[in-house]
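Position 1 is the first residue of the sequence; numbering continues from there. Predicted model, so just to flag it, every value in this text is computed and none were measured. All heavy atoms count here, side chains included; hydrogens, waters and symmetry mates do not.
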Amino acid sequence: MDITFIDADKLEATWAYLTQFAVKQGLNMLAAIAILLVGWWLSTRARNAVLRLFDGPHVDATLRPMLGSATQWVVRVVTVVLVLSQFGVQTASIIAMLGAAGLAIGLALQGTLQNIAAGIMLVLLRPYRVGQYIDAQGVAGTVRETGLFMTELTTFDGVCLRVPNSKIWGSAITNYSENPTRRLDIEVTVPFGTDVQSALDALRGMLASEKRVLPEPGAEAMAVNFTNEGVTLNVRCWTTNDDYWNVRFAFYERIKDVLQSEGIRIAVPVQEMRIRQPGDHGALTGRREERAVS
């Protein structure tokens, strides 16, 4: 019977190697965790520092969130590289790996990269700024923030709306807040037979009495069209952006009273049906006529 003896020296050397390896890897693991935590914490601090640095009138508020987000992600990428280096991964290998991963991610997330590119273009070209009211083909609201991926809007009824940057960049953008003044147009129809000149004079008097109407370009009231209901009159003036809606609502409240004070009524379409009675030999007829509202 053969008895195999274990070399005590080899066993001790193996145990020492395993112990040393475990301690080393454990220390590397602790260091990696510490670097990761510190790096993530520093990324947030760096983002806040950038936001504070560019917090002022000399930097557009639309640009600040994007600079903060870019700084935060740069710090996080550096943190990941340092964590991997703790396990013996070479920097060149990390860069090559990041390049390959970036290519794969770019192919898989083309839409996301489009949002990033669109966000950069929106910040550089600035078709709108934070606080302005825009409409991008049905997507309308006040701009709160333009991020790397999405633009955050607040709708007129106070709802938060987040829209991908590529959707806004790829559409026609109507900026209602860019210009300091806006033209206001309100149309009203009076029945045929109305003294149109008297109606226009009454509307011009209303325009002249409104202090929020700008003197230049001059306000005007004019006849612009003939319809089945009567003559269409247009009230046109210019106001500041801040006064636009208040003036518009005020005119809607006053136009009827101003015309009525001159004995003029507003025409509305009325559909009248005549029903054939027993014994009638005519066909069922209907006609459309205009009537006026008091």
Side-chain angles (χ1 to χ4, degrees), residues 3-56 58-124 130 143-153 160-166:
I3 299 176
T4 303
F5 294 96
I6 300 176
D7 191 337
D9 293 337
K10 291 183 178 180
L11 181 60
E12 183 178 356
T14 302
W15 175 255
Y17 172 78
L18 293 177
T19 303
Q20 184 180 6
F21 179 80
V23 171
K24 182 179 179 181
Q25 293 302 318
L27 292 176
N28 288 338
M29 180 66 69
L30 292 176
I33 293 174
I35 292 173
L36 186 63
L37 295 177
V38 172
W40 240 247
W41 176 76
L42 285 177
S43 68
T44 303
R45 294 296 298 271
R47 177 181 181 274
N48 295 335
V50 169
L51 293 179
R52 288 194 299 269
L53 178 63
F54 294 103
D55 185 13
H58 59 284
V59 178
D60 192 345
T62 307
L63 186 62
R64 291 177 59 246
M66 183 167 290
L67 290 175
S69 297
T71 302
Q72 184 179 38
W73 282 104
V74 168
V75 175
R76 289 182 176 180
V77 169
V78 173
T79 300
V80 172
V81 172
L82 293 176
V83 168
L84 293 176
S85 66
Q86 289 297 312
F87 298 99
V89 180
Q90 298 297 321
T91 305
S93 301
I94 295 175
I95 296 175
M97 181 181 64
L98 290 177
L103 178 60
I105 293 174
L107 294 175
L109 302 176
Q110 295 183 29
T112 302
L113 294 180
Q114 288 178 359
N115 289 329
I116 295 176
I120 294 174
M121 296 302 297
L122 289 173
V123 170
L124 292 178
V130 171
V143 180
R144 292 176 56 182
E145 179 181 323
T146 300
L148 281 175
F149 304 101
M150 292 184 294
T151 295
E152 188 172 316
L153 307 173
C160 179
L161 180 64
R162 293 182 174 88
V163 187
N165 290 332
S166 59

Nearest heavy-atom approach of Trp40 to Val80 is CZ3-CG2, 4.3 Å

State, to 0.1 Å, how close Thr79 and Gly39 come at their nearest heavy-atom pair, and which atoms those are. OG1-CA, 3.2 Å

Do Thr44 and Gln72 make a side-chain contact, defined as non-hydrogen atoms from C-beta onward lying under 4.5 Å apart? yes

Heavy-atom check, side chain of Cys160 versus side chain of Arg144, under 4.5 Å: yes

Taking everything shown except Met121 itself, do over 12 heavy atoms lie less than 6.0 Å from its CE? yes

Using side chain to side chain donor-acceptor pair (under 3.5 Å) as the criterion, list what pairs up with Arg47, not counting sequence neighbours. none

So which heavy atom on Thr146 is nearest to which on Thr151, and how close? CG2-OG1, 3.8 Å

Given 3.5 Å as the limit, does a donor-acceptor pair link the side chain of Asn165 with the main chain of Gln114, or not? no

Specify the closest pair of heavy atoms between Asn115 and Pro164, including all atoms of both residues, with the distance to one decimal. OD1-CB, 3.5 Å

Contacts of Leu161 meeting side chain to side chain contact (heavy atoms under 4.5 Å, CB included) (sequence neighbours excluded), chain-then-number -> Val139, Leu153, Thr155, Val163

Measuring from Leu51:CG to Ser69:OG, what's the distance to the nearest 0.5 Å? 8.0 Å

Quick check for you: to the nearest 0.5 Å, what is the distance between Thr71 atom OG1 and Arg76 atom CZ? 12.0 Å

